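Okay, structure first, notes after.
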Amino acid sequence: MSTPNTTDELRHIEEIRGIRETEQVVREAQSRQAYKQYLEAELGLRNHWYPIFFGQELKEGEMRGEMLLGERILYKRAGGKVYAIADRCPHRGVAFSARPECYSQNTVTCWFHGFTFDVRDGKLVAVLTESNSSVVGKMTVRTYPVEEVNGVVFTFVGDLDPPPPATLDIQPKFFRPGLAFHPCMRHKIKCNWRLAAELGYDAAHVYGHRTAELVKRFKVVLPLSTYPSRKDVVRVIEGEGPKGVIKKDDINVWKAEVEGTVVAVDNIDPDNPPDDEFDIEVGLFMPCGLQVEPFPLPGMIHFEWYVPIDEDHHMYMITQAYAPTDEADEARFHDECENVLGPLIWQPPGVQPEGFNNYDAFIREQVYHAYKHEGFWQRERLYKPDYIVVQWRMLVSKYLRGIQRRTGDWARPEGWSPTGDDYSPNRSPGRW
């Protein structure tokens with residue numbers, strides 16, 4: 001559990017939010033460290049719901065092990081529903097997922113001594129190596145709440161019983177009626193989840209996307225940068241639903257100059273740039289989910305997550321959504337995602353052209369070294385476009401339900417995993 005938010009930190013947050021000028025907000029938030037709770041949340045936010053994989057990745061009767069916020073979890077689909085238990089037998093501590101074994105729909109059996117647990121409630125129901133064992137019914141394995149929503153499997157990690165509704169921790173547009181969803185990619189990235197979330201939301205990182213094949217193929221009008229000139233351009237969502245920060249920037253940088261050389265984006269006339277062509281709403285919501293509309297094409301909504309695996313890795317997940325008019329329109333949407341947009345969004349490492357979101361992963365891995373090993377959480381020098389980043393940090397510090405910590409119950413894996421693959425997931429759905 002986390003240390004409760006301090007009165008001083010909450011006071012700093014409210015005072016800084018009262019400042020009108022965005023650049024001053026950035027300076028004050030950084031100098032007064034108005035987001036200490038956020039800086040402590042290296043392993044993730046406890047008592048929140050997280051996406052873990054796509055439902056189509058786990059068929060009836062199958063099992064798979066995953067790591068979430070440093071905890072090892074085994075998933076099994078039984079009777080159409082996904083269940084989750086701690087991936088560790090309470091007898092001698094081995095991982096069930098190292099050699100998945102089961103003899104009935106609702107159970108998982110430890111491959112070491114045959115201890116068999118019901119995945120629905122975690123209770124020990126049989127010991128295959130001791131007839132009529134006295135420990136049956138007296139031993140349990142921890143269970144985790146699971147919900148499957150629009151093809152994505154979510155898990156709650158925490159101590160609240162009952163947990164809060166999953167709808168409080170999922171992007172609001174994810175529940176818009178009439179949407180069809182297509183999972184695009186799910187990959188493990190070496191970078192802490194906090195940096196991944198910030199850099200996915202960073203207003204000015206669009207500069208690095210200007211040469212992406214997706215931008216060229218669809219002639220996307222993309223500026224060098226965007227940022228808010230006024231605080232009212234950014235909405236901090238603090239109501240009873242999901243907590244988040246939504247931006248719709250009013251400053252678009254279409255060209256710049258370096259010693260007489262004009263730097264401009266494709267698809268525009270640098271001497272006559274558009275006034276308001278780049279009109280995309282981007283929202284980042286606790287604990288780690290982004291929504292972008294419209295993107296990558298008109299009529300589509302882009303959802304992505306930066307799910308904490310451990311202190312040094314996050315799971316990068318993307319799914320696209322669209323409101324089809326009929327079955328034929330929905331079939332066209334899935335085909336376009338699978339065969340056109342998918343490869344433009346993500347390509348295997350080394351494959352050209354580089355996917356739009358491969359660049360985002362590259363950013364994170366580069367930045368993370370400086371923050372992990374060279375003290376950049378304290379040395380960073382933020383500027384005006386980072387206004388939305390500091391608003392995000394303050395929001396998380398104010399509303400987190402807990403901070404995940406290493407307590408001795410779950411140790412750092414130190415390169416170990418049940419199957420020897422360092423918790424690397426299988427390739428994501430689709431051919432890319």
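All values reported here derive from a predicted model rather than from experimental measurement. Count residues from 1 along the sequence.
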- Message: Just verifying a value: how many Å separate Leu69 CG and Glu311 CD, rounded to the nearest 0.5 Å?
- Response: 9.5 Å

- Do Arg72's NZ or CZ and the ring of Tyr423 fall within the cation-pi criteria of under 6.0 Å and 45°? no

- Query: Is it true that Arg332 and Asp329 have a side-chain N and a carboxylate O under 4.0 angstrom from each other?
  - Reply: yes

- Item | Glu71 and Tyr144 side chains, donor-acceptor separation under 3.5 Å | yes

- Given the side-chain rings of Trp346 and Tyr359, with only the six-membered ring counted for Trp, is the space between their centroids under 6.0 Å? no

- Establish, from distance only, whether the side-chain atoms of Ser97 and Asp87 form a donor-acceptor pair under 3.5 Å. yes

- Please say whether the positively charged group of Lys243, taken as NZ for Lys or CZ for Arg, lies over the ring of Tyr399, i.e. under 6.0 angstrom from the six-membered ring centre and within 45 degrees of the axis. yes

- Note on the structure: Only residue of Trp49, Tyr50, Tyr75 satisfying side chain to side chain donor-acceptor pair (under 3.5 Å) with Thr155 is Tyr75

- Query: Judged by modelled atom types alone, do Glu42 and Trp193 share a side-chain donor-acceptor pair under 3.5 Å?
  - Reply: no

- Quick one: does NZ or CZ of Arg88 land under 6.0 Å from the six-membered ring centre of Trp410, within 45 degrees of the ring axis? yes

- Task: Examine Lys81 relative to Tyr83 and say whether NZ or CZ is less than 6.0 Å from the centre of the six-membered ring and inside a 45° cone about the ring axis.
- Result: yes

- Message: Among Glu9, Glu238, Gln37, which residue satisfies the side chain to side chain donor-acceptor pair (under 3.5 Å) criterion with Lys398?
- Response: Glu238

- Message: Let's go through Asp422 and Lys188 carefully: what are the C-alpha distance in whole Å and the side-chain angles of both, what is the deciding distance for salt bridge (charged side-chain N to carboxylate O under 4.0 Å, His left out) to 0.1 Å, and is it a yes or a no?
- Response: CA-CA 10 Å; Asp422 194 28; Lys188 177 182 177 181; 3.5 Å; yes

- Would you sort out whether Arg186 and Met315 count as a side chain to side chain contact (heavy atoms under 4.5 Å, CB included), showing the intermediate values? CA-CA 7 Å; Arg186 188 178 80 96; Met315 190 68 72; 3.4 Å; yes

- Message: Assess, by modelled atom type and distance only, whether the side chains of Tyr35 and Glu40 contain a donor and an acceptor separated by less than 3.5 Å.
- Response: no

- Task: Please determine which of Glu293, Gln171, Gln291 meets the side chain to side chain donor-acceptor pair (under 3.5 Å) test together with Arg176.
- Result: Glu293

- Query: Going by distance alone, is a donor N or O of one side chain under 3.5 Å from an acceptor N or O of the other, for His313 and Asn192?
  - Reply: no

- Message: Hydrogens and angles aside, do Tyr316 and Asn357 bring a side-chain donor and acceptor to less than 3.5 Å of each other?
- Response: yes

- For residues His334 and Glu336, is any side-chain donor paired with an opposing acceptor at under 3.5 Å? no

- Task: Look up atom CG in Leu39 and atom CZ in Arg194, then write down how far apart they are to the nearest 0.5 Å.
- Result: 6.5 Å

- Message: Could you walk me through whether Asn47 and Phe156 satisfy the side chain to side chain contact (heavy atoms under 4.5 Å, CB included) test, starting with their C-alpha distance in whole Å, then the side-chain angles of each, then the deciding distance to 0.1 Å, before giving a yes or no?
- Response: CA-CA 7 Å; Asn47 293 315; Phe156 180 80; 3.8 Å; yes

- Quick one: does NZ or CZ of Arg210 land under 6.0 Å from the six-membered ring centre of Tyr207, within 45 degrees of the ring axis? yes

- For the residue pair Asp421 and Thr419, confirm or rule out a side-chain donor-acceptor distance under 3.5 Å. yes

